[in-house]
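Computation of the quantities below employed the complete heavy-atom set of this structure, encompassing side-chain atoms and omitting hydrogens, waters and symmetry-equivalent molecules. Atoms within a ligand are numbered from 1 in the order they appear, just like the ligands themselves. Fair warning: this is a prediction, and the values are worked out from it, not measured in the lab.
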Amino acid sequence: MHSVSSPDSRSPETLCIGPLGIAKPWVQAALSGYSDLAMRRVARAHGAAYALNEVVIDEKVLQRGKGRQRILFVPDDDHPVGGQLMGSTPERFAQAANDLVEAGYDVVDINFGCPVGKVLGRCRGGYLLGQPALAIDIVLRVVEAVRGRVPVTLKMRRGLSEDPQSEGAFFEILDGAFDAGISAVTVHGRTVDQKYEGLSSRGFLKRVKTHAGSRTVLGSGDLFSAEDVHSMLRDTGVDGVTIARGAIGNPFIFEQCDRIASGLRPVAPTLAMQARAISRHLEEALRIARDEASALGKTRRHAIQYARLHPEPIRCRDAWVMARSRQDFERVFGELYSDA
Ligand SMILES: Cc1cc2nc3c(=O)[nH]c(=O)nc-3n(C[C@H](O)[C@H](O)[C@H](O)COP(=O)(O)O)c2cc1C
């Protein structure tokens, strides 16, 4: 074990989301198409102390059926977990928030950040950053519906676009949301217009934290390594961070953050560690998916991302892309993940 005295090191300390104390400030972000129960279980096994479900549309929570059942399934080992909602009307948002609380989610997170065209077109996600009055009304109604049973949090991008009007709307919503009673905000330092172009602004995160004072702010954006995580915490003063793309195919990032916090050098995962994480993901997916093909398909998306850690990333990625059956998975493990 190597000891390092990096200026980036920061000891883990409790991240407070209202009354909820989370042991470490680096948490698993909400990731549509990824952060389902299987991903959250693997992230927790590697040290994530809090994880958010992928965003769900309020109507999907409220409509009877398999989708609703899947969303409202919160097993005992999946805590603390945040349930994230997207919608366009205060009433439906509030009803869905109540259902998430009754199902056992520990936090209700409101999404005002999604930049996908179809979502904006339906007046959801990032669209609401341009509608401060409606956005604040949604927050008020959700807080009211939740009635203090769990904390309510908010996820925002730093505005619709780069102009001062967008920034004004951002701070109007932020202040209105804290006044309404949210316990924390997560800010992704890109605008909605930016989508994923350019860098996420750490300067903006620093300004938000200064503005928020003692209220909890989590940062998001461009966290691809444990060093990025520690440097964002140090540079911006935010209370915590949500790890998003950097955790897809790389749950090891959570334990690497822990090691840096303990003054140790982060270790790269061996092939055996990578294989174990992918196998664990597959096992979890098989336990929860509606059928084997769906579990394999979902796991493949993650395995393709794990290939970035492999010494032969392109060969490995191509092998996962072609893997369709359990036998194919076993063959990839045998051919590409034997440590010998
Ligand atoms: C595939 C994908 C799905 C995402 N899904 C969600 C989501 O469901 N809810 C959310 O708040 N943010 C979502 N995000 C945004 C991330 O949580 C995060 O804020 C953003 O990716 C910036 O962090 P990063 O640059 O470290 O990836 C998603 C991002 C990606 C790439």
Side-chain angles (χ1 to χ4, degrees), residues 17 25-37 39-40 43 48 50-58 60-61 70-71 81-87 93 96 100 105 107-120 124-129 135 138 152-159 170 173 177 182 184-202 204-205 208 217-233 235-236 238 240-251 253-254 256-257 298 301-302 304-305 308:
I17 301 186
W26 29 88
V27 310
Q28 171 63 64
L31 284 167
S32 181
Y34 290 95
S35 68
D36 61 2
L37 181 55
M39 184 185 195
R40 297 196 300 276
Y50 173 56
L52 286 131
N53 188 21
E54 51 195 320
V55 68
V56 295
I57 295 170
D58 52 6
K60 296 265 182 237
V61 177
R70 219 177 359 259
I71 295 164
V81 61
Q84 193 187 67
L85 280 176
M86 195 154 75
F93 237 116
L100 292 188
Y105 281 95
V107 173
V108 172
D109 193 41
I110 298 172
N111 182 313
F112 290 163
C114 183
V116 172
K118 204 167 81 180
V119 170
L120 303 177
R124 298 174 179 146
Y127 168 86
L128 289 154
L129 292 176
I138 287 171
V152 175
T153 58
L154 180 59
K155 167 76 184 288
M156 303 166 83
R157 283 193 171 227
R158 72 177 169 94
F170 172 93
I173 296 169
I182 63 158
V185 64
T186 301
V187 180
H188 174 189
R190 287 189 179 85
T191 64
V192 172
D193 283 352
Q194 249 182 299
K195 297 202 162 45
Y196 281 88
E197 301 275 306
L199 292 177
S200 170
S201 169
R202 287 198 176 180
F204 189 78
L205 294 185
V208 172
V217 178
L218 291 94
S220 165
D222 298 336
L223 299 176
F224 296 110
S225 69
E227 287 83 359
D228 291 341
V229 165
H230 280 274
S231 69
M232 178 182 277
L233 287 164
D235 293 351
T236 65
V238 292
V241 299
T242 63
I243 308 179
R245 288 176 293 173
I248 303 177
N250 183 23
I253 194 168
F254 296 104
Q256 289 169 343
C257 288
K298 286 189 166 185
R301 293 187 74 192
H302 289 263
I304 289 167
Q305 301 296 327
R308 288 176 302 167

Original post:
Residues in side-chain contact (heavy atoms from CB on, under 4.5 Å) with A247, at least two apart?
Top reply: Q28, M39, I243, I253, F254
Original post:
Who pairs with F224 by side-chain contact (heavy atoms from CB on, under 4.5 Å), at least two apart in sequence or on another chain?
Top reply: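 Only D222, D228, R245 meet the side-chain contact (heavy atoms from CB on, under 4.5 Å) criterion with F224.
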Original post:
Sequence neighbours excluded, which residues qualify as side chain to side chain donor-acceptor pair (under 3.5 Å) partners of R301?
Top reply: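 With sequence neighbours excluded, R301 shows a side chain to side chain donor-acceptor pair (under 3.5 Å) to Y34, given in chain and number order.
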Nearest heavy-atom pair of [X] and [Y]: which atoms, and what distance?
| X | Y | answer |
| --- | --- | --- |
| L31 | E54 | O-CB, 3.3 Å |
| L205 | G189 | CD2-N, 4.4 Å |
| L223 | T242 | CD1-O, 3.6 Å |

**OP:** Below 4.0 Å from any atom of ligand 1, which residues have a heavy atom? Give them in chain and number order, please.
**Re:**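 Heavy-atom contacts below 4.0 Å: A29, A30, L31, S32, Y34, V55, Q84, N111, K155, H188, R190, Y196, S220, G221, D222, L223, A244, R245.
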